[in-house]
S.K.: 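Let me begin by handing over the structure; questions about it come next.
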Amino acid sequence: QVQLEESGGGSVQAGGSLTLSCEASAYGGTEYTDYCMGWVREAPGKKREGVAAAAKDGTTSYLDAVKGRFTVSRDNAKNTMILQMNSLESEDTATYYCAAVSSWGPCEYFYEWHYWGKGTSVTISS
């Protein structure tokens, strides 16, 4: 099992950048590297969608809409994950959740996530 906590949301103008952070606390005999880590967002009136994911070996996966603009990375020594968001668009406005699922292998942004943080709000103004 793992507890997740996000930070770093806020409001910026279109074209700007934001960095989201996630800190994970694994317990119950598990370790951070037992989990595929990801970011999921929920925009007002829309379904949640996976945005990016990072496997324990550093392999990453992205939603097409954010490829080339967002970069996900994880630090297995610090139990953290970062989502660097550049060239932000109004369509990126959403609550962003850090998420995790047990996986020692592949890690894709569209996975069904089992653990969630409380979310952090990102607002992009045009």
Side-chain angles (χ1 to χ4, degrees):
Q1 294 177 314
V2 61
Q3 289 184 329
L4 306 171
E5 183 173 1
E6 308 91 342
S7 61
S11 298
V12 297
Q13 290 189 327
S17 299
L18 278 175
T19 302
L20 304 183
S21 299
C22 175
E23 184 171 351
S25 300
Y27 59 100
T30 68
E31 299 179 348
Y32 182 60
T33 51
D34 292 334
Y35 297 94
C36 163
M37 298 295 298
W39 291 96
V40 179
R41 68 186 180 187
E42 185 172 9
K46 296 185 178 180
K47 294 173 61 176
R48 285 186 180 186
E49 62 178 357
V51 173
K56 67 174 183 177
D57 66 355
T59 303
T60 56
S61 170
Y62 298 94
L63 177 71
D64 282 349
V66 306
K67 281 182 179 177
R69 301 189 298 121
F70 290 10
T71 302
V72 63
S73 60
R74 62 188 285 174
D75 186 331
N76 291 335
K78 297 181 179 179
N79 294 352
T80 58
M81 178 175 62
I82 298 290
L83 183 67
Q84 177 64 44
M85 305 186 294
N86 298 327
S87 301
L88 284 161
E89 305 168 353
S90 56
E91 292 77 13
D92 297 317
T93 295
T95 298
Y96 283 72
Y97 297 89
C98 177
V101 62
S102 296
S103 176
W104 290 355
C107 183
E108 303 289 349
Y109 71 90
F110 51 79
Y111 273 10
E112 183 175 341
W113 304 97
H114 292 173
Y115 303 98
W116 298 83
K118 294 182 179 180
T120 186
S121 179
V122 170
T123 302
I124 312 304
S125 58
S126 56

S.K.: Does Y32 use its side chain to pair, donor to acceptor, with the backbone of A26 at less than 3.5 Å?
M.R.: no

S.K.: To the nearest 0.5 Å, how far apart are CZ in F70 and OH in Y96?
M.R.: 4.0 Å

S.K.: Carefully, step by step, assess R41 and E49 under the rule side chain to side chain contact (heavy atoms under 4.5 Å, CB included).
M.R.: CA-CA 6 Å; R41 68 186 180 187; E49 62 178 357; 2.8 Å; yes

S.K.: How long is the straight-line distance from CE of M81 back to CG of L4, given to the nearest 0.5 Å?
M.R.: 7.5 Å

S.K.: Decide side chain to side chain contact (heavy atoms under 4.5 Å, CB included) for L20 and Y97; before the verdict, give the C-alpha distance in whole Å, the side-chain angles of both, and the deciding distance to 0.1 Å.
M.R.: CA-CA 10 Å; L20 304 183; Y97 297 89; over 6 Å; no

S.K.: Ignoring hydrogens, what is the shortest heavy-atom contact between A53 and C36? Give both atom names and the distance.
M.R.: CB-SG, 4.5 Å

S.K.: How long is the gap from CG on D92 to OG on S87, to the nearest 0.5 Å?
M.R.: 9.5 Å

S.K.: Which heavy atom of N86 sits nearest to which heavy atom of S17, and what is that distance?
M.R.: OD1-OG, 2.9 Å

S.K.: Between atom CG of L83 and atom OG1 of T120, what is the distance when rounded to the nearest 0.5 Å?
M.R.: 11.0 Å

S.K.: Could you tell me whether R74 sits above the aromatic face of Y35, with NZ or CZ closer than 6.0 angstrom to the six-membered ring centre and within 45 degrees of the axis?
M.R.: no

S.K.: Between W116 and C98, is a side chain to side chain contact (heavy atoms under 4.5 Å, CB included) present by the stated rule, with each step listed?
M.R.: CA-CA 6 Å; W116 298 83; C98 177; over 6 Å; no

S.K.: What is the minimum heavy-atom distance between E112 and H114, and which atoms define it?
M.R.: O-CD2, 3.6 Å

S.K.: Could you tell me which non-hydrogen atom of Y109 sits nearest to which non-hydrogen atom of V51, and how far apart they are?
M.R.: CB-C, 3.9 Å

S.K.: So, does E6 use its side chain to make a donor-acceptor pair with the main chain of G119 at under 3.5 Å?
M.R.: yes

S.K.: Go through the structure and list residues passing salt bridge (Lys or Arg N to Asp or Glu O under 4.0 Å) with E5, not counting sequence neighbours.
M.R.: none

S.K.: May I ask you to establish whether R48 and W113 are in a cation-pi arrangement, using a distance under 6.0 Å from NZ or CZ to the six-membered ring centre and at most 45° from the ring axis?
M.R.: no

S.K.: Working to the nearest 0.5 Å, report the span between NZ of K56 and SG of C107.
M.R.: 11.5 Å

S.K.: How close do G8 and L18 get, heavy atom to heavy atom, and via which atoms?
M.R.: O-CD2, 4.1 Å

S.K.: Quiz question: by atom type and distance under 3.5 Å, do the side chains of T19 and Q84 form a donor-acceptor pair?
M.R.: yes

S.K.: Verify, without hydrogens or angle tests, whether T93 (side chain) and I124 (backbone) share a donor-acceptor contact under 3.5 angstrom.
M.R.: yes

S.K.: So, using salt bridge (Lys or Arg N to Asp or Glu O under 4.0 Å) as the criterion, who are the partners of E31 when residues are at least two apart?
M.R.: none

S.K.: What distance do I82 atom CD1 and T71 atom OG1 have between them, rounded to the nearest 0.5 Å?
M.R.: 11.5 Å

S.K.: Of all heavy-atom pairs between Y27 and T30, which one has the smallest distance, and what is that distance?
M.R.: O-OG1, 2.8 Å

